[in-house]
Number of protein chains: 2
Amino acid sequence: MPGVDEKDREILKILRSNGRITLTELGKRVGLSPASVKNRLEKLEKLGAIKGYSAVIDPAFLDEYVSAFLELKLAIDDHTVDSLLKKVAELENVEAVYRKTGERSILIKASFHDTDEVKVFVGRLKDLFGKNLERAEVTLILDTFKEGWIPFERRRG
Amino acid sequence: MPGVDEKDREILKILRSNGRITLTELGKRVGLSPASVKNRLEKLEKLGAIKGYSAVIDPAFLDEYVSAFLELKLAIDDHTVDSLLKKVAELENVEAVYRKTGERSILIKASFHDTDEVKVFVGRLKDLFGKNLERAEVTLILDTFKEGWIPFERRRG
DNA sequence: GCTGAAATTCTGGAGTG
DNA sequence: CACTCCAGAATTTCAGC
């Protein structure tokens, strides 16, 4: 990557598992002054290396008891559906949206209050994609051992 | 959830998509003083509602050009494999580890420098799980529209 | 949960290599 | 051009209420 050196990569790696670290502490770890770290952060954000900062929340505390993956098989999956995928990504309960290889080429991770909400969500997807949506497969998440470079302690089921 | 009120949930929701917000700004949004927000954050972290803070990084800037899902089918998948899954979760290139419904009950998200590294990683999984690993299916991620409650702008391919 | 003062951190400009 | 230094501003922390 142009204009990104080893120190920048160190910063990115640290931030990935420690998103709320102060500039001072970050500077100590990579051997730079807080001001320099700040400059680099602004550069990295502008370049798109840092997409944003997030806290990893246990969904149960937000009354989101059901987390699920939804895999979509589309009749046509080219960049013309990107705007629809962006719409899906903007929904409040949608945590992640990927395009991947394989027949079921869209993967969505989302959380719900109960299974009824899952049904409603699938209905919304059908409305959005219309006839282009050939199949929607739902898989429930039973356990999360790690997420976003931060390990979860296992909750007893 | 006991001991968690509506303001706590507001705080969690805001942090999810804005992990580096200051206590002052957070206080303004939920109508509390910075000191109170701090107290609540400590409570929420202790309760396990907040697992940690993370920056969402574009993997390409860390020379991780290949992101993939690995789905594992295990002969036996009960809590006796949890310690193995924790080991997998601790690997540096592993971003997420889930247990889910369905035949391929383990889902791993990881990033790699190239496809050779994927091969090495699958080999390591075979070593770890031994005969218990019946199948490992690799799916490559082509596009990320959202991750960890933070939207990605689509990168041009 | 608030207040106020002290400690720490952040910020922006001038200066250095 | 990126980094450092430094002073003023903002934030965070910690006491007492």
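Note that these values count all heavy atoms, side chains included, but never hydrogens, waters or copies made by symmetry. What you see is a predicted model, and the numbers here were worked out from it, not measured in a lab. Chain letters run A, B, ... following the sequence lines, proteins first and then strands; every chain starts at 1.
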Between CG of B/Leu26 and P of D/dT12 the distance, given in whole Å, is 9 Å
Nucleotide D/dC5, atom P - distance to CG of A/Leu32 in whole Å:
12 Å
Heavy atoms of B/Arg99 and B/Asp77 approach each other most closely as NH2-OD1, 2.9 Å
Output the rounded distance in Å from CD1 (B/Ile11) to P (C/dG1).
9 Å
Quick check on C/dC10: is either OP1 or OP2 less than 4.0 Å from any side-chain nitrogen or oxygen of A/Thr24?
yes
A/Glu64 with B/Arg16: basic N within carboxylate O range, under 4.0 Å
yes
Starting at the 5' end of DNA chain D, which residue's closest nucleotide do you reach first, A/Arg40 or B/Pro34?
A/Arg40
NZ/NE/NH1/NH2 to OD/OE distance under 4.0 Å, A/Lys38 and A/Glu42
yes
A/Leu41 CG to D/dA2 P, in whole Å, measures 14 Å
Take atom NZ of A/Lys7 and atom P of D/dA2, then tell me their distance rounded to the nearest Å.
14 Å
Atom-to-atom span, CG of A/Asp5 to P of D/dA2 - whole angstrom
10 Å
For A/Lys43 and B/Thr22, take the nucleotide of DNA chain D holding the closest heavy atom to each; which residue's nucleotide lies nearer the 5' end?
A/Lys43
Does OP1 or OP2 of D/dT4 have a side-chain N or O of A/Ser36 closer than 4.0 Å?
yes
Round to a whole Å and report the spacing from CG of B/Asn39 to C1' of C/dC2.
11 Å
What's the closest nucleotide to the side chain of A/Ala35 if the choices are C/dG12, D/dC14, C/dC10?
C/dG12
Quick check: closest heavy atoms across B/Phe61 and A/Leu47, and the distance to 0.1 Å?
CZ-O, 3.7 Å
Length of the CZ-P vector between A/Arg20 and C/dT9, whole Å:
14 Å
Phosphate-side-chain proximity, A/Ser33 and D/dC3, N/O vs OP1/OP2 below 4.0 Å:
no
Sole candidate of B/Leu142, B/Ile141, B/Asp143, B/Thr139 that passes side chain to side chain contact (heavy atoms under 4.5 Å, CB included) when paired with A/Tyr98
B/Ile141
Can you tell me if the side-chain N/O atoms of A/Lys38 get under 4.0 Å from OP1 or OP2 in C/dC10?
no
